[in-house]
*Asks:* 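Right, I'll just put the structure down here and ask away after.
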Amino acid sequence: MDLREYQLKLLQMAKDFAQMCDENGLKYYLGGGACLGAIRHRGFIPWDDDIDIVLPRKDYDRLPELVREKMPEKYELYFRENAQIFQLLDKSCPITMVNDNMTMGQGNTFHMFIDLFPLDGCPAEESKRKKLLKKIKHERFFFKLGYVQYCYAGGNHSRFENMVIRVAKKLHLERIFKKKTAKHAKKLASLYRKYDYETSDWAMASYGIYGIKDTFPKEVVGEGTMVPFEDTSFRVFSDADRYLTQIYGDYMTPRKIDGKAHIAEE
């Protein structure tokens, strides 16, 4: 299928998921590039091929039961172990990866998916937020080494971390690191949930890649506001401008990222 066909199938998945959330009292918000697309393009970023949705932790934890009981049978909630997040799969729509930058493997076949991310609480004091994020980054790095065959050097890794990734991949050390992934996953879960979202004044996109930029006052999230997206509307953060500025800077100026496409064929 071509990109536009893929986008429209994703759109239907998002509509079905949003309807399930609304009917069962779950709060959801478009995150990342989906939020950016909604604000800047009133739909998908023209070259984008994914939708990210974020939910407060208490709603996120209800997803396994609700997706199983309330959504059509073609949908399945999948726990992506190497990223420690849920994905909503459409089992009726297999896809083939055209690159490996999604830590899934070029040429492998999967089902169409939407990434689902939790929102957790975090301290209002910046120094405490930075301390928490430093611990999370440390644990997440060693956790990911158990899946080092899917890691890539660069991004927000330090020079030392990039060196470890290159050496571990070259020597195929994932089996050694894999022995401790459960321990690191447990520590990560504890860190993510350390501050209750409902009682915190600040929120944290727990699995975000932007560090301190992925934290913001709870009023930025708020109750959310509905914005046009293609032929429908979805909810974004109440202060989407602050959120997007914090993550992307001048977000109204398009910057195409090459090599992002996930899919090759149905």
*Asks:* Just by distance, no angles: are the side chains of Asp115 and Tyr207 close enough, under 3.5 Å, to form a donor-acceptor pair?
*Replies:*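 Side chains of Asp115 and Tyr207: no pair found under 3.5 Å.
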
*Asks:* Can you find a heavy atom in the side chain of Leu30 that is under 4.5 Å from one in the side chain of Phe237?
*Replies:*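 A side-chain contact is absent here, since even the closest heavy-atom pair is not under 4.5 Å.
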
*Asks:* Could you check whether Phe86 and Tyr78 have their ring centres less than 6.0 Å apart?
*Replies:*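 No, ring centres 6.0 Å or more apart.
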
*Asks:* Please report the interatomic distance CD(Glu23) to CG(Leu66), rounded to the nearest 0.5 Å.
*Replies:*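 CG of Leu66 is found 11.0 Å from CD of Glu23.
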
*Asks:* Just wondering, more than 12 heavy atoms not from Lys218 lying within 6.0 Å of its NZ?
*Replies:*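 It does: Lys218 NZ has more than 12 such atoms within range.
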
*Asks:* Is atom NZ of Lys180 surrounded by more than 12 heavy atoms (other residues, nucleotides or ligands) closer than 6.0 Å?
*Replies:*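 It does not: Lys180 NZ has 12 such atoms or fewer within range.
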
*Asks:* Under the side-chain contact (heavy atoms from CB on, under 4.5 Å) criterion, do Phe234 and Val227 qualify, and how do the steps go?
*Replies:* CA-CA 6 Å; Phe234 291 123; Val227 297; 5.6 Å; no

*Asks:* Does NZ belonging to Lys130 count more than 12 external heavy atoms closer than 6.0 Å?
*Replies:*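 12 or below, so no.
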
*Asks:* Would you check, one step at a time, whether the test side-chain contact (heavy atoms from CB on, under 4.5 Å) holds for Ile114 with Leu10?
*Replies:* CA-CA 7 Å; Ile114 289 176; Leu10 274 181; 3.9 Å; yes

*Asks:* Measure the CG-CZ distance between Leu89 and Arg80 for me, rounded to the nearest 0.5 Å.
*Replies:*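 Leu89 CG to Arg80 CZ: 11.0 Å, rounded to 0.5 Å.
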
*Asks:* Honestly curious: do Leu63 and Ile51 fall in one hydrophobic cluster under the side-chain, below-4.5 Å linking rule?
*Replies:*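 Same cluster: Leu63 reaches Ile51 through Ile, Leu, Val, Met, Phe, Trp or Tyr contacts under 4.5 Å.
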
*Asks:* Using atom types as modelled, flag every donor-acceptor pair under 3.5 Å from a side chain in residues 139-146 to any protein atom, sequence neighbours excluded.
*Replies:*
unit_1: Glu139; atom_1: OE1; unit_2: His184; atom_2: ND1; d: 2.7
unit_1: Arg140; atom_1: NH2; unit_2: Gly208; atom_2: O; d: 3.0

*Asks:* From Ile45 CD1 over to Ile39 CD1, what is the distance, rounded to the nearest 0.5 angstrom?
*Replies:*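 Going from CD1 on Ile45 over to CD1 on Ile39, the span is 11.5 Å.
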
*Asks:* Should Phe229 and Leu11 count as side-chain neighbours, where that means a heavy-atom distance under 4.5 Å?
*Replies:*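 Contact flag for Phe229/Leu11 side chains = yes.
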
*Asks:* Could you walk me through whether Lys131 and Lys135 pass the side-chain contact (heavy atoms from CB on, under 4.5 Å) test, one step at a time?
*Replies:* CA-CA 6 Å; Lys131 185 177 180 180; Lys135 290 180 179 179; 4.1 Å; yes

*Asks:* Can you give me the closest heavy-atom contact between Ala124 and Arg129, atom names plus distance?
*Replies:*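 It is O-NH1, 2.6 Å.
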
*Asks:* For the hydrophobic clusters of this structure (ILVMFWY residues joined by side-chain heavy atoms under 4.5 Å, transitively), does one cluster hold both Trp202 and Met204?
*Replies:*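 In one cluster: no.
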
*Asks:* Within the 4.5 Å heavy-atom criterion, are Ser238 and Glu219 side-chain neighbours or not?
*Replies:*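 Side chain of Ser238 against side chain of Glu219, heavy atoms only: no contact under 4.5 Å found.
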
*Asks:* Return yes if some donor-acceptor pair links the side-chain N/O of Glu5 with the main-chain N/O of Asp2 below 3.5 Å, else return no.
*Replies:*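 Confirmed, Glu5 side chain pairs with Asp2 backbone.
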
*Asks:* Where the side chain of Asn24 meets the backbone of Met20, is there a donor-acceptor pair that is under 3.5 Å apart?
*Replies:*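 Such a contact is found between Asn24 side chain and Met20 backbone.
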
*Asks:* How about CZ on Arg242, more than 12 heavy atoms from neighbouring residues, nucleotides or ligands closer than 6.0 Å, or not?
*Replies:*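 Yes, CZ of Arg242 has more than 12 neighbouring heavy atoms, counting only those of other groups under 6.0 Å.
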
*Asks:* Can you name the nearest heavy-atom pair linking Arg42 to Pro228, along with the distance?
*Replies:*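 Closest approach of Arg42 to Pro228, heavy atoms only: NH1-CG, 3.0 Å.
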
*Asks:* For the backbone of Ser206 and the side chain of Asp120, can you confirm whether one donor and one acceptor N or O come within less than 3.5 Å of each other?
*Replies:*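 Judged by distance alone, no pair lies under 3.5 Å.
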
*Asks:* Starting from Ile95, can I reach Leu88 by hopping between I/L/V/M/F/W/Y residues whose side chains sit under 4.5 Å apart?
*Replies:*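 Cluster IDs for Leu88 and Ile95 match.
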
*Asks:* What's the separation between atom CD in Glu73 and atom CZ in Arg68, rounded to the nearest 0.5 Å?
*Replies:*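 Answer for the CD-CZ pair, Glu73 versus Arg68, is 12.5 Å.
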
*Asks:* Which heavy atom in Cys122 sits nearest to a heavy atom in Leu132, and how many Å separate them?
*Replies:*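 Heavy atoms of Cys122 and Leu132 come nearest at CB-CD2, 4.3 Å.
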
*Asks:* If you take all heavy atoms of Ala38 and Val236, which pair is closest and at what distance?
*Replies:*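 Heavy atoms of Ala38 and Val236 come nearest at CB-CG1, 4.4 Å.
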
*Asks:* With a 4.5 Å heavy-atom cut-off, do Cys21 and Leu55 have their side chains touching?
*Replies:*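 The answer is yes, as the side chains (C-beta and beyond) meet within the 4.5 Å cut-off.
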
*Asks:* Kindly indicate whether the side chain of Val54, heavy atoms from C-beta on, has any atom under 4.5 Å from the side chain of Tyr60.
*Replies:*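 No, side chains not in contact.
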
*Asks:* Might you work through the side-chain hydrogen bond (donor to acceptor under 3.5 Å, both in side chains) test for Tyr210 and Gln246, ending with a clear yes or no?
*Replies:* CA-CA 9 Å; Tyr210 298 104; Gln246 203 162 284; over 6 Å; no

*Asks:* May I ask you to test the Lys9-Tyr6 pair for a side-chain heavy-atom distance under 4.5 Å?
*Replies:*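 No; the side chains remain at least 4.5 Å from each other.
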
*Asks:* Which is it for Tyr243 and Cys35 under the side-chain contact (heavy atoms from CB on, under 4.5 Å) test, yes or no, and what are the steps along the way?
*Replies:* CA-CA 9 Å; Tyr243 166 68; Cys35 178; 4.1 Å; yes

*Asks:* Hey, are Lys15 and Asp231 close enough for a salt bridge, meaning a charged N less than 4.0 Å from a carboxylate O?
*Replies:*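 The answer is yes: the pair qualifies as a salt bridge.
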
*Asks:* Check residues 191-201 and write down every donor-acceptor pair under 3.5 Å in which the side-chain atom is one partner and the other belongs to a residue at least two apart or another chain.
*Replies:*
unit_1: Arg193; atom_1: NH1; unit_2: Asp61; atom_2: OD2; d: 3.0
unit_1: Arg193; atom_1: NH2; unit_2: Asp61; atom_2: OD1; d: 3.1
unit_1: Asp196; atom_1: OD2; unit_2: Glu198; atom_2: N; d: 3.3
unit_1: Asp196; atom_1: OD2; unit_2: Thr199; atom_2: N; d: 3.1
unit_1: Asp196; atom_1: OD2; unit_2: Thr199; atom_2: OG1; d: 3.2
unit_1: Ser200; atom_1: OG; unit_2: Asp196; atom_2: O; d: 2.5

*Asks:* Out of curiosity, Leu116 CG to Ile53 CD1, how far, rounded to the nearest 0.5 Å?
*Replies:*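 Reported to 0.5 Å precision, the distance equals 6.0 Å.
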
*Asks:* Could you state the interatomic distance from CZ (Phe117) to CD (Gln84), rounded to the nearest 0.5 Å?
*Replies:*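 The distance works out to 12.5 Å.
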
*Asks:* Just do the side-chain hydrogen bond (donor to acceptor under 3.5 Å, both in side chains) check on Tyr75 and Asp90 with the steps written out, would you?
*Replies:* CA-CA 5 Å; Tyr75 292 120; Asp90 182 347; 4.8 Å; no

*Asks:* Decide yes or no for Arg235 and Tyr28: does some side-chain heavy atom of the first lie under 4.5 Å from some side-chain heavy atom of the second?
*Replies:*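 The answer is yes, as the side chains (C-beta and beyond) meet within the 4.5 Å cut-off.
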
*Asks:* Hey, are Lys137 and Glu161 close enough for a salt bridge, meaning a charged N less than 4.0 Å from a carboxylate O?
*Replies:*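 Yes, this pair counts.
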
*Asks:* Between Arg57 and Leu119, is there a side-chain heavy-atom distance shorter than 4.5 Å?
*Replies:*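 The answer is no; the side chains never approach within 4.5 Å.
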
*Asks:* Using a 6.0 Å cut-off, check whether atom CD of Glu223 has over 12 heavy atoms from anything other than its own residue.
*Replies:*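 Check fails, neighbour count at 12 or below.
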
*Asks:* Write down the atom of Ile247, the atom of Asp214, and the distance for their closest heavy-atom approach.
*Replies:*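 Ile247 and Asp214 have their closest heavy atoms at CD1-OD1, 3.5 Å.
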
*Asks:* For Glu230, enumerate each residue passing the salt bridge (charged side-chain N to carboxylate O under 4.0 Å, His left out) test, keeping only those at least two apart in sequence or located in another chain.
*Replies:*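 Glu230: salt bridge (charged side-chain N to carboxylate O under 4.0 Å, His left out) contacts with Arg4.
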
*Asks:* Search all heavy atoms of Ser92 against all heavy atoms of Lys74 and return the closest pair with its distance.
*Replies:*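 For Ser92 versus Lys74, the nearest heavy atoms are OG-CD, 3.8 Å.
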
